[in-house]
Each structure stands twice: as C-alpha cells, then as structure tokens.
Amino acid sequence: LPMADCASPEQHKVAGCGSAVHSYADDEKAAFVQHVNATLGEDPDLASIMPINDHDESFFECCKDGVLLCKMINAAQPGTIFDKAINLNAKSVHHKVENLNMCINSAKAIGISVVNIGPTDLLEAKPHLVLGMVWQIIKIQLLSNVNLKECPELVVLLKEGEELADLLKMPSEEILLRWVNHHLEKAGSAKRIKNFGGDIKDSEAYTILLHQIAPEGQCTMAPMSEDDTKKRAELMLQEADKIGCRKFVKPSDVVGGNQKLNLAFVATLFNEHPALHMEDAKVEFDMATLEGDDGDSREERAFRNWMNSLGNEHIVQNLFSDAHDGVVLLETLDKVEPGCVDWKKVNKESKMVFKKVENCNMIVDIAKKMGFHMTNIGGKDISDGNQKLILGVVWQLMRHHTLSFLNKLSVGGKKISEAEMLEWANAEVTGTGSDLRMASFQDPSLKSGLFFMNLLKASEPSAINWEIVTPGVTDEDCEINAKYSLSVARKINCVVFLLWEDIVEVKPKMLTTFVGSIMARTLAARGQ
C-alpha cells in the first residue's frame with residue numbers, strides 16, 4: 001500500500017544488542033492485546049493469564065512460554081498446531097523452547113515471515129520481535145475471509161473490463177480499499193481512499209462506510225457535523241460501536257493515520273458486515289472456477305507459504321496468478337540458489353506481455369541449469385498460468401532447497417538422493433527397535449503415521465508422548481497421528497509445509513519434503 005503522511009504514534013524504546021535501540025508503538029501493543037483478550041479470553045488453558053493488561057508490559061511475559069503464541073496461530077489458521085502437542089505447563093527452558101520452536105515453524109507453515117527470529121528472541125521477550133510476529137498472526141486472522149473463495153460476493157468489486165484473475169491476484173489490503181470505495185460510490189459520495197493512512201484521517205470515509213453497511217441503519221452521518229477531527233473520530237467510533245465494531249483504533253489512531261490499526265479496523269468491518277450483493281456484479285462469475293482439485297489447492301497453499309517464509313520482496317497472494325510475470329519465481333530461485341538470477345536482465349513491473357514471457361523464459365533456463373526436469377515447459381506456460389506446470393516447477397524448487405540443505409550437512413557435501421533419504425529413514429526407524437519400514441514415498445502404510453512417529457523418536461527420543469499416539473487403524477486414528485507428527489516435527493525444529501491430509505493421502509512429493517526436513521534436523525543435531 002502507498003504510505004501516506006501520518007503522525008507517529010507514541011513510541012516505547014527498548015535497548016538492543018550493543019548500541020542498537022528498538023522501538024514499538026504503545027497504541028499498537030494495546031490494540032493487539034485487546035484483540036488477543038477478545039479472541040482467547042475464554043480459553044481454559046489460558047485462564048491464569050487472561051485478561052492480559054494492555055497498559056503495561058505483561059503481554060511480553062505471557063508470550064515467553066509459547067503457549068499463548070501457539071493458541072494465536074490456531075486462532076488465525078485453525079488446526080495448524082495439534083493442541084495436545086503444546087506443553088501447557090512449560091516450566092523448564094527445554095519445554096518452553098519446544099513450544100516456541102513449534103510456534104515459529106508453524107508460523108512459517110502459514111506464510112508468516114520469521115526471518116532472523118529464533119526461540120531465544122521470544123524466550124527473552126524482545127518486544128519489537130514479539131509484536132512483529134503477533135501483528136502478522138493477527139493480520140492473517142483478520143484477512144482470512146477477504147478472498148473470493150470465502151466471500152464470492154467480492155466479485156461485485158470487479159470493474160468493467162476486468163476479469164476474475166485480476167481479483168484473484170489482488171492483495172487482501174487492496175481488496176479492502178476497493179471494498180471501501182465500492183460503498184462510497186454506492187452512497188453517491190465523490191470521496192475515494194487510496195490508503196489506510198492519510199486518506200482516512202478526517203473520518204469522512206469511515207462515517208459514510210458505516211452508514212452504508214449498518215444492517216439496520218443504526219449508523220448515522222451525525223459525526224460529519226463536528227469540525228474537530230479528533231472529536232469527529234470519537235463520534236464515528238461511537239457509531240461503529242452500535243454494530244459491534246469499535247475495535248483496534250482510538251480517535252488518535254484515526255487522525256494519526258496509523259496504517260496497521262486502521263487496516264485491522266476496516267478488516268473487522270468487512271468481516272462483520274460486508275454488505276455485498278451479487279446483483280451488483282458487473283461481470284459474470286462461475287463459482288466452479290474456484291473449486292478446482294483439492295489436492296492441487298493444498299499444494300498451492302503449501303508452496304505459497306513456503307515461498308513467503310523465505311522473506312522474498314513480493315508476497316505471494318495466489319501462486320498461479322502471481323507467477324505470470326515471473327518475478328516472484330525469480331526471487332525464489334535467487335533465495336534457493338543465491339546469485340543464479342541476473343537482475344539487470346529482469347523486467348520488473350512490466351505490463352507488456354512479451355516482457356513477462358521473457359522473465360518466465362529466464363526461469364526455465366535457470367531451472368534447466370539447476371537440473372530440473374523442464375521437458376515441454378516453456379516460459380509462456382508459466383506466464384499463461386498453467387497450474388499443473390507451475391506446481392511442478394515450484395515443487396522442484398522446494399525439493400532442491402531441501403536437498404541442498406541436506407547436501408551441506410552430508411560428509412564432504414556429497415549430494416543426497418531420494419533413495420538415500422529412504423534408506424536413511426528406514427535405518428533410523430530400525431534403530432528405535434521398530435520393525436516398520438517404508439518401501440517408497442508412495443507406500444500405503446505411511447497413512448497410519450506410525451513410521452513418522454518412530455522417525456521423530458529416532459531424531460529426538462523424548463519428543464513423542466506415546467499416550468497420544470493411536471494404533472493408526474481407523475481414519476480418525478490416522479488423522480490424529482498425522483496432525484500430532486507435524487506438530488512434533490515443528491516442536492523439535494523441523495521446518496515443514498505439508499498438511500495432515502498429505503500424510504493420510506500419502507502424497508509422495510510432500511512426504512519427501514517431510515522426511516528431508518527430519519533428516520536435516522537430525523544430522524544437524526548430531527553434528528553430522
């Protein structure tokens with residue numbers, strides 16, 4: 001989003017390493033804490049700390065054992081962390097670090113960038129790092145419904161000449177801006193906003209928006225009769241309170257143009273009262289185009305979250321539509337194999353189709369040099385959004401990334417093959433005393449999750465609570481084991497992006513990355 005001039009909120013300064021000084025905004029911290037209280041206040045596992053005081057620094061203390069942060073991640077993306085894997089009464093540093101590892105690696109798995117954040121940073125409750133991570137979690141939670149799949153009525157925001165693909169590739173923040181402007185237009189107002197900073201300071205857009213979306217006309221235009229902008233902001237928030245949406249912002253945040261808190265406020269309004277109607281659509285819309293293959297959808301999500309976790313400059317909203325100009329894939333290639341992209345030759349932000357195809361041709365050329373299978377794949381296939389081919393390319397990128405890390409850990413940097421990964425995994429499980437084996441990454445017996453439980457046991461003997469593990473006979477058994485194994489892997493600091501469904505459905509691509517991550521963690525822990 002374009003940055004607008006806005007007043008700086010009151011900053012709280014904290015000493016960092018050496019002469020470094022970090023700061024955070026008190027208003028933002030208070031707003032985040034209030035949201036956490038509202039979201040998790042009734043959780044019995046958090047009864048001893050709820051409600052958290054939003055006027056002091058106790059929130060940071062509450063984050064130290066990782067329990068609160070794990071609960072927040074599950075609130076943002078339900079089921080990410082298996083509840084029984086959380087060390088609820090973490091007293092020792094070891095148990096706290098396990099929770100924090102699980103939190104950090106689960107955050108990566110849902111697309112949060114946690115570059116340069118480790119468990120020690122959270123254990124020491126470094127405020128700027130804690131709040132940076134907390135904001136990303138809250139943002140994912142608030143924006144989870146701002147997409148066509150969850151809210152197909154968003155199609156009414158398409159303008160003449162636009163296609164569904166234009167909305168699919170649009171960042172959630174931009175969709176919210178368009179949503180606000182849609183209601184301003186419907187109200188007959190000439191007012192339009194381009195950001196959540198300077199453009200909303202006078203409360204005019206908010207007052208009109210509330211008047212438009214209030215389900216029973218509860219919100220009036222009365223605030224506009226007040227000339228003082230801060231007093232007007234307070235009156236506007238009183239109107240918002242009538243529909244249960246006085247959240248995140250105070251009058252000072254509105255007139256100060258705090259972009260984070262105003263984004264959160266608008267997202268709250270959208271989630272509670274979108275007020276969109278299909279009959280207002282200017283283009284035809286077929287819901288079937290969004291459904292697609294569930295397996296492909298899961299792969300897209302896993303690959304997208306992996307790419308976002310790398311700290312790329314561009315955030316991937318939708319892998320297929322965002323890949324069309326080649327830039328995000330080139331960024332990912334450069335992260336996986338630093339220096340492989342000649343950025344002087346990249347056409348950034350070009351609107352010309354042939355320039356985008358040139359970028360995508362560059363992807364194909366680099367991928368071939370890295371040994372990827374690129375038969376019958378051309379740059380135009382990527383630019384045209386061929387989903388199967390894009391998934392194939394990104395899968396090879398993710399696999400290369402995993403194997404590259406393993407190669408660095410192997411004796412003499414020797415390249416490790418999937419066959420050697422398979423052999424290693426079987427040997428490790430045998431070492432635990434188990435007679436389980438996997439014949440391949442397609443072995444149907446992997447569905448039970450028991451092989452992975454024993455592999456995790458080999459990596460960290462104390463990691464598994466065997467009272468939680470099921471026999472793996474019924475579908476419900478398999479689901480429990482799959483969910484638990486992923487959380488245990490993250491708890492011992494494995495970075496994994498697959499979903500529990502990938503285990504019970506025995507998806508070989510995703511299981512390869514799972515075993516690779518456990519292998520990397522094990523070799524690193526043993527100093528091999």
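Heavy atoms only: backbone and side chains are in, while hydrogens, waters and symmetry mates are out.
In summary, the side chains of Asn147 and Ser172 do not present any donor paired with an acceptor at a separation below 3.5 Å, with no hydrogens or angles considered. Glu337 and His401 share no side-chain donor-acceptor pair at under 3.5 Å. For Thr470 and Asn481, the side-chain atoms include at least one donor-acceptor pair closer than 3.5 Å. Judged purely by distance below 3.5 Å, without hydrogens or angles, the side chains of His400 and Gln396 never pair a donor atom with an acceptor atom.
The distance from the CD1 atom of Ile49 to the SG atom of Cys62 is 4.0 Å, given to the nearest 0.5 Å. To the nearest 0.5 angstrom, Leu436 atom CG is 11.5 Å from Met438 atom CE. Ile140 CD1 to Ile138 CD1: the interatomic distance, rounded to the nearest 0.5 Å, is 11.0 Å. With rounding to the nearest 0.5 angstrom, the NE2 atom of His94 is 10.0 Å from the CG atom of Asn99. Between the CD1 atom of Ile503 and the CZ atom of Phe452 there is a distance of 6.0 Å, given to the nearest 0.5 Å. How far OG of Ser106 is from NZ of Lys491: 11.0 Å, rounded to the nearest 0.5 Å.
Using a distance-only test at 3.5 Å, with no hydrogens or angles considered, a donor-acceptor pair links the side chain of Asn37 to the main chain of Ile52. At least one donor-acceptor pair closer than 3.5 Å links the side chain of Ser144 to the backbone N or O of Gln141. In this structure a side-chain-to-backbone donor-acceptor pair under 3.5 Å is present from Asp322 to Gln317. Formation of a donor-acceptor pair under 3.5 Å by the Ser517 side chain with backbone atoms of Thr513 is not found in this model. Counting only distance, with no hydrogens or angles, the side chain of Gln77 and the backbone of Asn74 share no donor-acceptor pair below 3.5 Å. Not one N or O on the side chain of Asn87 forms a donor-acceptor pair closer than 3.5 Å with the backbone of Asn89. For the pair Thr268 (side chain) and Ala264 (backbone), a donor-acceptor distance under 3.5 Å is present. At distances below 3.5 Å, at least one donor-acceptor pair connects side-chain atoms of Ser448 with backbone N or O atoms of Ser445. Between the side chain of Trp179 and the main chain of Pro274, a donor-acceptor pair closer than 3.5 Å is present. In this structure, Asn258 contributes its side chain and Val254 its backbone to no donor-acceptor pair below 3.5 Å.
For the pair Trp135 and Lys260, the tightest heavy-atom approach, listed with the atom from each and the gap, is CH2-O, 3.4 Å. Smallest separation of non-hydrogen atoms from Ser113 and Gly311: OG-CA, 4.0 Å. Leu329 and Ala323 get closest at one heavy-atom pair: CD1-CB, 4.0 Å. Residues Asn305 and Ala109 share a closest heavy-atom pair of ND2-O, 2.9 Å. Leu450 and Asn454 make their closest contact through O-ND2, 2.9 Å (heavy atoms, listed as atom of the first residue, atom of the second, distance). Between Met307 and Val328, the shortest heavy-atom distance links the atoms CE-O, 4.0 Å.
Proximity of the aromatic rings of Phe265 and Phe248 is defined here by a centroid distance below 6.0 angstrom, and this criterion is not met. For an aromatic pair to be called close, the ring centres must be under 6.0 Å apart, and Phe441 with Phe514 fails this.
Within a 6.0 Å radius of CG in Asn465, other residues, nucleotides and ligands contribute more than 12 heavy atoms. Applying the 6.0 Å contact sphere to CD of Gln442 captures no more than 12 heavy atoms from other residues, nucleotides or ligands. Under a cut-off of 6.0 angstrom, the local environment of CD in Glu124 is crowded, with over 12 non-hydrogen atoms contributed by other residues, nucleotides or ligands.
Leu142 places none of its side-chain heavy atoms less than 4.5 Å from the side chain of Phe270. Counting heavy atoms from C-beta on, the side chains of Arg399 and Lys509 never come closer than 4.5 Å. At a threshold of 4.5 Å between non-hydrogen side-chain atoms, the residues Phe32 and Asp54 do not count as touching. Contact check for Asp43 versus Lys71: side-chain heavy atoms found under the 4.5 Å cut-off. Counting heavy atoms from C-beta on, the side chains of Val496 and Asn105 never come closer than 4.5 Å. Using a 4.5 Å cut-off on side-chain heavy atoms (C-beta onward), Leu143 and Leu176 make contact. Using a 4.5 Å heavy-atom cutoff, the side chains of Ile363 and Leu333 are in contact. Between His314 and Glu331 the shortest side-chain heavy-atom distance falls below 4.5 Å.
Thr332 pairs with exactly one of Asn312, Asn308, Val327 by the side-chain contact (heavy atoms from CB on, under 4.5 Å) rule, that one being Asn312.
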Pair Arg304, Glu299 - check salt bridge (charged side-chain N to carboxylate O under 4.0 Å, His left out), show working. CA-CA 8 Å; Arg304 167 169 37 92; Glu299 278 194 19; over 6 Å; no

The test is side-chain contact (heavy atoms from CB on, under 4.5 Å); show your working for Ile86 and Met102 and say whether it passes. CA-CA 8 Å; Ile86 303 172; Met102 187 158 54; 4.0 Å; yes

Would Ile112 and Ser309 count as a side-chain contact (heavy atoms from CB on, under 4.5 Å) here? Give the steps. CA-CA 6 Å; Ile112 290 175; Ser309 76; over 6 Å; no

Given Ser297 and Glu300, is the side-chain contact (heavy atoms from CB on, under 4.5 Å) satisfied, shown in steps? CA-CA 5 Å; Ser297 298; Glu300 187 275 336; 5.6 Å; no

Run the numbers on Val134 and Met72 for side-chain contact (heavy atoms from CB on, under 4.5 Å), then give the verdict. CA-CA 8 Å; Val134 165; Met72 287 183 64; 3.6 Å; yes

Quick one: do Asp65 and Lys96 satisfy salt bridge (charged side-chain N to carboxylate O under 4.0 Å, His left out)? Show the steps, please. CA-CA 5 Å; Asp65 65 4; Lys96 292 178 182 178; over 6 Å; no

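Between Lys447 and Glu479 there is no salt bridge, since none of the side-chain N atoms of the basic residue sits less than 4.0 Å from a carboxylate O of the acidic one. A salt bridge between Arg521 and Glu460 is present, with a side-chain N of the basic residue lying under 4.0 Å from a carboxylate O of the acidic one. At a threshold of 4.0 Å, the pair Lys139-Glu173 counts as salt-bridged, since one of the basic side-chain nitrogens sits closer than that to a carboxylate oxygen.
Residues satisfying the salt bridge (charged side-chain N to carboxylate O under 4.0 Å, His left out) criterion with Arg437, sequence neighbours excluded, are absent altogether.
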